[in-house]
Participant: 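Take a look at this one; I'll ask things after.
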Number of protein chains: 2
Amino acid sequence: MRKTRIQEISDAAWDLLSEEGVEALTMRAIAARLGVSAPSLYKHVANRDEIVALVQARALIESADALRRAMKRHPDSPHLPAALAYRRWAIRNPAQYRITNDQPLLRDLLPEGLEDDCAVPVMELADWDPDRSRVQWATAHGLISLELAGRFPSYADVDAAWTLAFGP
Amino acid sequence: MRKTRIQEISDAAWDLLSEEGVEALTMRAIAARLGVSAPSLYKHVANRDEIVALVQARALIESADALRRAMKRHPDSPHLPAALAYRRWAIRNPAQYRITNDQPLLRDLLPEGLEDDCAVPVMELADWDPDRSRVQWATAHGLISLELAGRFPSYADVDAAWTLAFGP
DNA sequence: ACTGCTAGGTTAACGCTGTTAACCACTTCA
DNA sequence: TGAAGTGGTTAACAGCGTTAACCTAGCAGT
């Protein structure tokens with residue numbers, strides 16, 4: 001089963017984000033990675049947003065999986081491990097995290113139900129209390145967002161903040 | 001005391017953000033607001049980042065002031081009022097909030113000490129515990145960021161989340 | 001009063017961006 | 001055999017930040 005061209009485009013975009021950051025995600029750069037000219041991408045996607053949506057979908061899935069795996073590994077006290085796993089994923093994929101969480105999701109272009117599916121583990125961690133789950137999600141997202149934006153001073157003990165927020 | 005041209009540029013950029021959002025903040029649009037051509041802006045600023053930094057500085061000051069005023073108004077139980085005042089400022093100035101908090105601060109272009117000054121009220125609210133202050137800041141920032149990005153469903157009770165996070 | 005500097009504007013242009021139009025070759029199928 | 005569809009091409013456009021070159025009004029110094 002060969003890779004479809006759309007998957008190749010998605011992978012090229014993902015790798016470009018990993019290697020060169022958000023600003024490097026241009027149609028011409030993606031095309032160059034596939035050894036092709038930029039306009040030919042439009043034979044496979046309608047516009048750049050559709051490629052961004054592919055990245056957002058993968059980022060949502062991967063980060064939710066990281067959460068789920070950590071919860072499975074620490075079934076009795078999952079909060080801190082799950083939070084740290086989420087943080088770890090974000091720090092390792094900063095451009096992907098920002099492109100899916102620092103701007104509106106391209107919902108119309110995302111697979112149906114994906115967003116809800118990825119919210120499940122967070123709901124579960126908050127014992128299905130929607131308010132609690134939103135606060136915990138916001139705290140994790142806020143800590144990551146501020147860390148990625150370099151808003152904590154270099155001497156800040158960010159680990160201690162995570163432990164205080166999600167620890168025992 | 002007439003307004004200096006740099007202040008006029010800063011104000012034009014601010015108003016443009018208020019009225020048309022982040023993507024509308026272009027050199028040509030700022031210049032048009034002053035009835036002038038884009039290249040002439042470079043007689044007053046080195047580049048676009050310098051204008052963004054002017055906006056960031058004003059946003060930091062205004063949002064910190066909103067915090068401080070709320071704390072002064074509710075000296076006995078300031079946490080929730082202060083948090084809601086911060087949220088209110090962000091919701092009323094979404095483009096300015098995002099341009100200063102969703103990307104790295106342009107520290108080299110910001111007035112010396114401004115960032116620290118604006119962190120003081122948050123520190124005070126957290127009883128000068130740096131870890132607590134970072135968590136509370138992150139929670140507020142996360143809630144705002146997710147709300148501005150439209151990540152909460154329309155039926156979500158965001159007020160309840162704020163009350164849960166900062167309430168009594 | 002004349003000279004020359006400076007402040008602050010102008011237009012033209014460059015390289016980048018996303019995107020469209022027009023064209024072309026190869027494969028598939030009736 | 002011919003038609004349609006697939007997936008590539010180059011040229012081009014408007015908008016972006018930015019630079020270069022030029023011009024003009026006002027002020028300072030002799």
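Side-chain atoms are counted along with the backbone in the values below, which use heavy atoms only and exclude waters and symmetry mates. Lettering of chains follows the sequences in order, A, B, ..., and the numbering in each one begins at 1.
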Participant: Quick check on the hydrophobic clustering: are B:Leu25 and B:Ile6 connected, directly or via other members, by side-chain heavy-atom contacts under 4.5 Å?
Facilitator: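 In one cluster: yes.
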Participant: Is it true that B:Trp14 and B:Leu34 fall in one hydrophobic cluster, defined by side-chain heavy atoms closer than 4.5 Å?
Facilitator: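 Yes.
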Participant: Is it true that atom CD of A:Glu112 has more than 12 heavy atoms of other residues, nucleotides or ligands lying nearer than 6.0 Å?
Facilitator: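 Count not over threshold, so no.
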Participant: Identify all side-chain donor-acceptor contacts of residues 100-110 of chain A below 3.5 Å with residues at least two apart in sequence or on another chain.
Facilitator:
from	atom 1	to	atom 2	distance (Å)
A:Asn101	OD1	B:Arg151	NH1	3.0
A:Asn101	ND2	A:Tyr97	O	3.1
A:Asp102	OD2	A:Arg98	NE	3.4
A:Arg107	NE	A:Glu115	OE1	2.7
A:Arg107	NE	A:Glu115	OE2	3.4
A:Arg107	NH1	B:Gly150	O	3.3
A:Arg107	NH2	A:Glu115	OE2	2.8
A:Arg107	NH2	B:Gly150	O	2.6

Participant: For nucleotides 9-21 of chain C, read 5' to 3', which letter fits each nucleotide if B means a protein heavy atom sits under 4.0 Å from the base, S means only the sugar-phosphate is that close, and - means neither?
Facilitator: BBBBB---BBBBB
Participant: Would you indicate whether the side-chain heavy atoms of A:Trp89 and A:Asp65 approach each other to under 4.5 Å?
Facilitator: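 The answer is no, as the side chains (C-beta and beyond) never meet within the 4.5 Å cut-off.
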